[in-house]
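In listed order, ligands and their atoms are each counted from 1. These numbers come from a predicted model, not from an experiment.
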Amino acid sequence: MFSRARITMMQQLRVAVVGAGAAGLCAARHILARPDTFAPPVVYELTEHVGGTWFYEERTGSYDNGLPIHSSMYRNLRTNLPKEVMMFPDFPFDSQLPSFLPHEEVQRYLERYCQCHLITPHIRFSTVVEEVRPITEETEKGVMTTWEVTSQDKSGSQETQTFDSVFICSGHYSDPYIPSIPGIERFKGKVIHSHSYRHPEPFSGQSVVVLGAGASGLDISLELGRSNAQVTLSHGKPTLPFPLPYGIHQATPVVEVQEDGSLRFQDGAITQAQVLMLCTGYKFSYPFLKPAQLGLEIHDHLVTPLYKFLMPPAFPSLFIIGICKMICPFQQFHCQTQFSLAVLEGSVTLPSQAEMEEEAVKEMERKVEWGVKPRNMLKMDKDQWSYARTLAQMGKFPPLTPVTQSLYEEVWRQKQAHPQIYRHVNYRLVSDTQWEQQDRQAGE
Ligand code: FAD
């Protein structure tokens, strides 16, 4: 069992962080706050900037170095969580801002977080991590694991550096999930994934079938409708959260592209379209990991087994931050990071590898029994609060304040009841347990 942290407490532990989005910045901030235990981290970032998802890229396709564009942000996106619960618990947004923000404000917030915590000097920009490899060694004190991280910088020069721990903060909204649609090669129009959607203007006047009615599918359908596209929203949901305006039609899922290039829907209806917009989500992708080496299975929508949705039981010095969905991401990164650092510091007593594996496997088995599909297994929703409490108890750090949960739940109710206008409201945190509604903005 890994126990390098305890064994080498007198030396500073060396930590690599893959990615300088919100999760990577959070990891770096907390590592830098513990100089007695940790050396300053090495943060690898493949782009030239921090922010990850929140850095809006007008470009689509690839960067100059041939790597695929990371961010899936579109121009008109506004946050679906108010800043009062979206923030890192120890770093509020500017109080003058409205609750629901355009993406530029989140990017500015992350840049300010980075500056305030003096993280920038520790980031290696334009440097892609190509491999993260465990090196295990039998010693008289037990099995010791270190990590070799191989990276390549802009000039093409490769380097391998050794660390005691690695935080994987590379995000999971970048690699499009493309469903298999029989005959798709016969489609005569343009097929585009929401990852490469930026704004509606290019689609004005065109007939667009949007496949998928998740957050992006709904948002993009509405934008396209307002821009005079003829939109058909194709999805498998029994009902949508709100009636569709602007003449947007609904259809059952696309099941086939016919000989003549037309789209056939599940109920037999047929349509010709100029664009098929896939709002079908993203898959987990860690090209720099060898899953079998780590005792992991990485599927499109599931990574397993992970103890506490964080670490492979066989290698509890590797932490995958932020893998869960339907959460308050920044708040969860904050908790997971502190828990992971407590593990490395040796202040959390981990169960044995077999016990961690059993817990992770049982969690998944329970979900299978409840009928949860593999693609939804990492959706946390209501469970995120008890999860965060458990991490805080085990890691001995302050838990999230109750106001976070109550405001999150209120916003969720508002979203269900008034899906088109829930973002018009502003909130204010009054205390650790109370929030109040401040005012209502005029229209979006
Ligand atoms: P990312 O932001 O994706 O950052 C990962 C970083 O890792 C990137 O900078 C990337 O360049 C880098 N990287 C990746 N691979 C490598 C490598 N091999 N080597 C070096 N660097 C690498 N969340 C909310 O809280 N509210 C919202 O309203 C909201 N809206 C969203 C809308 C969209 C369209 C999307 C896609 C996501 C949204 N999210 C929202 C979720 C959002 O992803 C999280 O808030 C958060 O930004 C994720 O941070 P991250 O650091 O985990 O990943």
Visitor: Within a distance under 4.0 Å of any heavy atom of Leu81, pick out the atoms of ligand 1 and give their elements.
Guide: 25 (O)
Visitor: Is there a donor-acceptor pair closer than 3.5 Å between any side-chain N or O of Arg198 and the backbone N or O of His195?
Guide: yes
Visitor: Indicate yes or no for a side-chain donor-acceptor contact from Gln331 to the backbone of Val85 under 3.5 Å, with no hydrogens or angles considered.
Guide: yes
Visitor: Starting from atom 18 (N) of ligand 1, locate the nearest protein heavy atom and write down its residue, its atom name and how far away it is, to 0.1 Å.
Guide: Val129 O, 3.2 Å
Visitor: What is the ring orientation for Phe330 with Tyr109, classed by angle as parallel under 30°, tilted 30 to 60°, or perpendicular over 60°?
Guide: parallel
Visitor: Atom 22 (C) of ligand 1: which of Val85, Val50, Asp219, Leu46 has the nearest heavy atom?
Guide: Leu46
Visitor: Can you name the atoms of ligand 1, numbered from 1 with element, that are less than 4.0 Å from a heavy atom of Phe288?
Guide: 18 (N)
Visitor: May I ask you to list the atoms of ligand 1 that are less than 4.0 angstrom from any heavy atom of Tyr44?
Guide: 20 (C), 21 (N)
Visitor: For atom 48 (C) of ligand 1, find the nearest protein heavy atom and state the residue, atom name and distance (0.1 Å precision).
Guide: Phe333 CZ, 3.8 Å
Visitor: How far is atom 32 (C) of ligand 1 from its nearest protein heavy atom, and which residue and atom is that?
Guide: Leu77 CD1, 3.5 Å
Visitor: Where is the nearest protein heavy atom to atom 47 (O) of ligand 1: which residue, which atom, and how far?
Guide: Trp54 NE1, 2.8 Å
Visitor: Taking atom 27 (C) of ligand 1 as the point of reference, which of Ile220, Thr127, Leu110, Asn80 owns the nearest heavy atom?
Guide: Asn80
Visitor: Within a distance under 4.0 Å of any heavy atom of Met86, pick out the atoms of ligand 1 and give their elements.
Guide: 24 (C), 25 (O), 26 (N)
Visitor: Check ligand 1 against Thr79 and write out every atom of the ligand that is under 4.0 Å from a heavy-atom position of the residue.
Guide: 28 (O)
Visitor: Given the rule in the side-chain contact (heavy atoms from CB on, under 4.5 Å) test, do Tyr282 and His193 qualify, once you have shown the distances and angles that lead to the verdict?
Guide: CA-CA 10 Å; Tyr282 297 87; His193 189 276; 3.8 Å; yes
Visitor: Looking only at protein heavy atoms, identify the closest one to atom 11 (O) of ligand 1 and say how far it is in Å.
Guide: Glu45 OE2, 2.7 Å
Visitor: Out of Ala215, Gly24, Gly171, Cys169, who is nearest to atom 6 (C) of ligand 1 when you count heavy atoms only?
Guide: Cys169
Visitor: Determine yes or no for a side-chain-to-main-chain donor-acceptor pair under 3.5 angstrom, with Ser234 supplying the side chain and Val254 the backbone.
Guide: yes
Visitor: Check the angle between the aromatic planes of His49 and Phe55 and answer parallel, tilted or perpendicular using the 30° and 60° thresholds.
Guide: parallel
Visitor: Just by modelled atom types, is the Tyr177 backbone N or O under 3.5 Å from a matching donor or acceptor in the Thr280 side chain?
Guide: yes
Visitor: Note the single closest protein heavy atom to atom 25 (O) of ligand 1, along with its residue, its atom name and the distance in Å.
Guide: Pro329 CD, 3.2 Å
Visitor: With a 4.0 Å cut-off on heavy atoms, does Ala23 reach ligand 1?
Guide: yes
Visitor: Provide, to 0.1 Å, the distance between atom 35 (C) of ligand 1 and the closest protein heavy atom, together with that atom's residue and name.
Guide: Thr53 CG2, 3.8 Å
Visitor: In terms of atom number and element, which parts of ligand 1 are under 4.0 angstrom from non-hydrogen atoms of Ser170?
Guide: 5 (C), 7 (O), 14 (C), 15 (N)
Visitor: Does any N or O of ligand 1 fall below 3.5 Å from an N or O anywhere on His70, backbone included?
Guide: yes
Visitor: Tell me, please: is Phe330 in heavy-atom contact with ligand 1, that is, under 4.0 Å?
Guide: yes
Visitor: For the CG atom of Leu310 and the CE atom of Met356, what is their distance to the nearest 0.5 Å?
Guide: 11.5 Å
Visitor: Can you tell me which residue and heavy atom of the protein come closest to atom 7 (O) of ligand 1, and the distance to 0.1 Å?
Guide: Gly19 CA, 3.2 Å
Visitor: Would you say the side-chain atoms of Thr146 pair up with the backbone N or O of Thr162, donor to acceptor, closer than 3.5 Å?
Guide: no
Visitor: Give me the one residue out of Phe88, Phe333, Phe93 that meets ring-ring contact (aromatic ring centres under 6.0 Å, His included) with Tyr113.
Guide: Phe88
Visitor: Taking only heavy atoms of Thr47 into account, list the atoms of ligand 1 that are under 4.0 Å away from them.
Guide: 11 (O)
Visitor: Any donor and acceptor pair, going by atom type alone, linking the side chain of Ser431 with main-chain N or O of Gln434 inside 3.5 Å?
Guide: yes
Visitor: I'd like to know if the side chain of Ser227 reaches the main chain of Gly225, judged simply by a donor and an acceptor atom lying under 3.5 Å from each other, with no hydrogens or angles considered.
Guide: no
Visitor: Which label fits Phe284 and Tyr286: parallel for a plane angle under 30°, tilted from 30 to 60°, or perpendicular past 60°?
Guide: parallel
Visitor: I need the atoms of ligand 1 closer than 4.0 Å to a non-hydrogen atom of Gly52, numbered in the order shown.
Guide: 2 (O), 4 (O), 8 (C), 9 (O)
